[in-house]
Structure formats: structure tokens, C-alpha cells
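The block underneath contains the structure these notes are about, expressed in C-alpha cells.
Computed over heavy atoms, backbone and side chain alike; hydrogens, waters and symmetry mates excluded. Because the structure is predicted, anything quoted here is derived from the model rather than measured. In listed order, ligands and their atoms are each counted from 1.
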Amino acid sequence: MPATRLMPTPESADLIELTRDIADKELRPLADAAERTHTFHREVFRKLGRAGLLSLPYPEEYGGGGQPYEVYLQVLEEIAAAWAAVGVGTSVHALSCFGLYHAGTPEQKRQWLPDMLSGELLGAYCLSEAHAGSDPAAMRTRAVRDGDDYVINGAKAWTTHGGEADFYKVMARTSDDGGRGISCFLVPADAAGLRADTPEDKMGLMSSVTATMLFDDVRVPAQRRLGTEGQGLPIALAGLDSGRLGIAAVATGVAQGALDVAVRYAKERETFGKPIIDHQGLAFLLADMEAAVTSARATYLHAARLKDAGHPFSRQASVAKMVCTDNAMKVTTDAVQVLGGAGYTTDFPVERYMRETKVMQIFEGTNQIQRLVISRDLAKG
Ligand SMILES: Cc1cc2nc3c(=O)[nH]c(=O)nc-3n(C[C@H](O)[C@H](O)[C@H](O)COP(=O)(O)OP(=O)(O)OC[C@H]3O[C@@H](n4cnc5c(N)ncnc54)[C@H](O)[C@@H]3O)c2cc1C
């Protein structure tokens with residue numbers, strides 16, 4: 001059962017219908033095989049881009065959809081309900097465009113943003129390093145000014161779309177001044193000296209490539225720096241506030257997908273002479289799952305509406321990321337329980353949903369780091 005949504009405009013209701021149609025025709029038929037065979041489908045992102053679904057929260061002036069986050073996130077949720085890895089990829093792509101849109105000069109935006117927003121160029125976001133995940137200010141990758149260029153050396157770990165992207169939004173150290181010594185660069189995939197290491201062998205999201213990007217004397221023209229020198233970490237962290245909302249919506253989509261499978265199964269499977277949904281002990285588990293999905297959706301929509309109205313939303317973005325991913329972990333785990341032994345096999349997608357959800361409690365700031373953001377903001381008053 002698709003979620004009932006109260007969309008703010010007829011245009012946004014049409015967008016949801018369009019997304020559901022694309023999800024049914026283009027995503028669901030490919031997802032299972034792609035996850036089993038670890039196949040990244042670049043053309044899926046091109047199709048989403050051409051349908052206008054990769055650019056929704058950006059202004060029409062640059063080829064974006066001009067939609068509020070309230071709408072973008074619900075579209076993202078529908079994509080993730082069909083195929084989590086594509087939902088994550090869509091969110092990461094939006095995050096990769098964020099720095100250019102918010103910190104780029106008008107000329108930089110005109111030059112690159114339209115192709116990025118149309119999906120002709122797929123993005124990746126390089127913040128983490130092997131020893132600098134939760135604490136990105138500990139990063140060591142360095143960009144040294146050399147005439148009109150910067151020369152980048154180092155390694156950016158865990159890059160979603162690593163080796164598949166067309167551009168990399170890279171945070172690198174330009175001075176030793178801690179978090180104030182980091183700058184942001186838009187590095188094209190064909191830059192000499194840039195290559196992807198062997199992809200990570202992961203628990204889930206098999207159709208999404210995750211790899212360390214290796215920078216060996218990568219020369220980048222200074223006009224590819226976004227913002228001023230030293231502004232890189234604030235650009236990265238501001239992007240993460242919005243990115244976390246994306247992951248909250250993705251997790252909610254996967255949870256909705258798991259709930260739908262569980263309810264369908266519980267109506268058909270019989271024990272003790274009746275469908276298992278008629279056993280109260282099991283039915284209450286489904287009721288709790290429904291409550292978890294509905295409250296997760298309300299939580300990310302609240303944060304999105306704060307953002308759309310121009311209010312501070314960082315604390316609520318962290319609340320949403322934490323609540324939605326924790327709820328999704330519980331819902332997908334309980335979906336396996338509802339299906340009994342069948343849930344533990346690959347005959348049903350719920351075991352995959354459970355594996356896919358785990359990482360959502362980890363990336364874009366672990367849920368411990370979300371608690372840090374929330375509690376620090378409470379302490380500030
Ligand atoms: C599949 C996947 C895709 C990813 N994609 C990207 C990407 O595209 N771009 C990118 O830049 N990064 C990406 N990441 C990296 C991800 O953001 C980091 O893994 C994450 O931020 C955690 O960092 P870490 O793995 O170094 O863990 P650590 O920082 O080593 O943390 C280990 C544990 O300690 C806890 N911890 C750490 N510090 C504190 C503290 N102060 N208080 C309490 N607990 C703490 C953490 O919560 C965690 O449980 C991806 C990761 C994965 C697994």
C-alpha cells in the first residue's frame with residue numbers, strides 16, 4: 001500500500017505519481033538482481049535526471065525543480081522504497097551539488113550546475129578519510145597552491161559512487177589551522193592522478209559502489225575551489241544538515257517497503273487455522289511498525305518544513321536522521337520476524353532491507369554524532 005501523502009500543491013502530487021510510475025517501471029524490476037550481482041546502474045540516474053527527479057530542491061534558473069524539501073524528501077522516500085541504493089545515490093548526488101549552489105560564484109554555477117542537476121554528470125562527496133570519519137577536522141588530504149592551480153594528495157575513504165561519478169566534491173586541507181584549514185574543490189573524474197581503489201565489500205547496498213578515492217598529485221585549477229580558502233568544512237557540514245534529511249527520508253522509504261511486505265505476508269500466511277495477522281501478538285508487532293514509519297515520516301517532514309520556511313533546522317535534521325534510521329532498523333528487523341523462516345531467506349526482500357538499513361545509522365554522521373549535535377544545540381539554548 002503506498003503511503004497516503006498530503007502534498008502542498010497539485011504539481012507536487014503529480015511528482016509523487018510520476019515517481020511511483022518510474023519506481024514501478026524502472027527501479028523495482030532491476031533492484032533485486034542488481035543487489036545480488038553487485039551491479040551499479042549508471043543509466044538509472046540518467047533516467048531520474050531526465051525526469052527531473054535529481055534536481056528537485058534546486059532553483060529552476062539552473063535547471064532545478066524549484067521544489068521545497070517537503071516535496072523533494074517525499075519523492076526520495078518513494079525512490080528508496082523501490083530501491084534503497086538508488087535512494088542513497090540520489091541523496092548523495094544532491095549533497096554533491098550543494099556546495100556549488102551555496103558557495104559557488106554565479107559563473108561557476110552557470111558553468112557546471114545545469115549538467116549536474118540534469119544528471120548528465122553524477123556526483124560524489126569526499127569528506128571522510130580512514131582516520132577521520134566522525135571527526136572530519138582530523139583529515140590529512142592536502143591541497144597545495146601552485147600558481148593558478150592546487151595540487152591534491154591523499155585518500156578520501158568511503159566515497160559513494162567512487163570510480164563511477166563524473167565529479168567529486170572534495171574537502172582537503174589547505175592549512176594546518178584545524179577545521180578552519182579545509183577548503184572545498186570540485187574535481188572532475190578525469191583529472192590526472194585521480195583513481196578509485198578496489199570497492200569495499202559491504203553488508204548491503206551492493207549496487208552502490210563505495211570506494212576510497214586516491215589523489216596522487218591531482219592538479220585542479222583554482223577556479224574549481226568553491227568558496228574561500230578555509231571555508232570547506234562549514235560548506236561540508238551545512239550540506240550534511242540537508243543530506244541527513246535525505247537519509248531520513250530514504251530510511252523511511254525502506255521501512256515502508258518492509259512494512260508493506262510484512263502486512264501482505266501476514267494476511268496470507270496461516271497458522272493455528274487462521275492468518276497470522278489475526279493473532280494479536282503478531283498484529284501488535286505490525287501496529288508498532290506502522291506507528292514507527294508514520295512517526296518517522298512526520299519527524300523528517302517537520303524538519304523539512306522548518307528548512308523550507310527559512311528557520312534553523314540543524315537540530316531537527318539530526319533528530320530526523322536519528323529517529324528515522326533507528327525506526328527503520330527496528331521496522332526492517334521486525335519485518336524479518338513477521339515472515340518467520342522465510343524472512344531469513346533471499347526469497348523475500350526483507351533480509352535485504354534489514355542489511356541496507358544498518359548503514360543508515362552510520363553514514364552522514366553516526367547516530368551517536370547526531371546525539372552530539374542535538375545535545376550541543378540544547379546546551380547552547
Ligand atoms: C556504505 C558507506 C557509504 C559512505 N559514503 C560516504 C560518502 O559518500 N562520503 C563520505 O565522505 N563518507 C561516506 N561514508 C563514511 C561515513 O560517513 C563514516 O563511516 C561515518 O561518518 C563514521 O565514521 P567512521 O566509520 O570513521 O567511524 P568512527 O568515527 O571511527 O566511529 C566509530 C564509532 O565510535 C563512535 N564515536 C566516534 N566519535 C564519538 C563521539 N565523540 N561520541 C560518541 N561516539 C563516538 C561512532 O558513533 C561509531 O559508533 C560512508 C560510509 C559507508 C559505510
Side-chain angles (χ1 to χ4, degrees), residues 35 38 40 45 80 84-99 122-141 152 154-173 179 182 184-187 189 196-215 232-233 235-244 246-248 250-251 254 317-318 321-322 325-326 329 352 354-377 379:
E35 289 300 322
H38 299 212
F40 176 73
F45 290 96
V86 175
V88 169
T90 302
S91 182
V92 167
H93 179 76
L95 180 63
S96 311
C97 300
F98 182 93
L122 184 68
Y125 175 86
C126 297
L127 178 64
S128 304
E129 297 185 5
H131 49 273
S134 298
D135 180 14
M139 75 172 61
R140 293 177 196 156
T141 295
I152 306 180
K156 302 304 286 187
W158 301 114
T159 308
T160 300
H161 299 160
E164 298 287 350
D166 301 296
F167 68 92
Y168 294 84
K169 177 179 160 187
V170 178
M171 271 51 72
R173 183 160 291 295
I182 293 165
C184 178
F185 302 90
L186 215 49
V187 181
D197 206 346
T198 311
E200 303 295 341
D201 196 2
K202 309 191 297 283
M203 177 194 284
L205 300 179
M206 311 305 198
S207 66
S208 166
V209 189
T210 312
T212 293
M213 295 305 297
L214 303 170
F215 293 75
L233 197 57
I235 293 173
L237 297 183
L240 280 182
D241 279 343
S242 304
R244 282 166 185 166
I247 297 306
V250 167
V254 180
S318 285
K321 199 273 184 182
M322 189 177 90
T325 59
D326 284 353
M329 195 68 244
R352 166 156 77 77
M354 183 179 156
R355 288 185 286 104
E356 288 171 337
T357 303
K358 183 60 216 171
V359 75
M360 298 174 198
Q361 295 178 304
I362 295 172
F363 57 24
E364 302 226 4
T366 67
N367 285 4
Q368 284 76 29
I369 295 303
Q370 306 310 324
R371 287 177 172 86
L372 209 67
V373 173
I374 297 162
S375 57
R376 278 184 184 159
D377 199 58

May I ask whether Val359 places a heavy atom under 4.0 Å from ligand 1? yes

Nearest-neighbour protein heavy atom for [atom], which is reported as residue plus atom name and distance:
atom                    : value
atom 9 (N) of ligand 1  : Tyr125 O, 2.7 Å
atom 7 (C) of ligand 1  : Trp158 O, 3.1 Å
atom 20 (C) of ligand 1 : Ile362 O, 3.6 Å
atom 2 (C) of ligand 1  : Phe363 CD2, 3.6 Å
atom 38 (N) of ligand 1 : Ser134 CB, 3.9 Å

Where do Trp158 and Thr212 land on the side chain to side chain contact (heavy atoms under 4.5 Å, CB included) test, with the steps shown first? CA-CA 5 Å; Trp158 301 114; Thr212 293; over 6 Å; no

Who's closest to [atom] heavy-atom-wise, of [options]?
atom                    : options                : result
atom 23 (O) of ligand 1 : Ser128, Cys126, Gly133 : Gly133
atom 40 (C) of ligand 1 : Ile369, Thr210, Leu95  : Ile369
atom 48 (C) of ligand 1 : Val88, Thr366, Leu127  : Thr366
atom 8 (O) of ligand 1  : Val209, Asp135, Thr160 : Thr160

Lys/Arg N to Asp/Glu carboxylate O, Arg140 vs Glu129, below 4.0 Å: no

Does Arg371 pair with Asp326 as a salt bridge, N-O distance under 4.0 Å? yes

Who passes salt bridge (Lys or Arg N to Asp or Glu O under 4.0 Å) against Arg355, sequence neighbours left out? Glu351

Between Thr325 and Gln361: side-chain donor-acceptor atoms closer than 3.5 Å: no

Are there protein heavy-atom neighbours of [atom] below 4.0 Å?
atom                    : value
atom 30 (O) of ligand 1 : no
atom 34 (O) of ligand 1 : no
atom 42 (N) of ligand 1 : no

Looking at [Y], is its backbone amide N or carbonyl O close enough to the side chain of [X] to form a donor-acceptor pair, meaning the two atoms are under 3.5 Å apart?
X      : Y      : result
Lys169 : Leu95  : yes
Ser91  : Gly87  : no
Lys156 : Ala211 : no
Tyr125 : Ala236 : yes

If you measure every N or O of Gln368 against every N or O of ligand 1, does any of those distances drop under 3.5 Å? yes

I need the atoms of ligand 1 closer than 4.0 Å to a non-hydrogen atom of Lys202, numbered in the order shown. 1 (C)

By number and element, which atoms of ligand 1 are closer than 4.0 Å to a non-hydrogen atom of Glu364? 17 (O)

Assess the pair Phe40 and His161: is the distance between their ring centroids shorter than 6.0 Å? yes

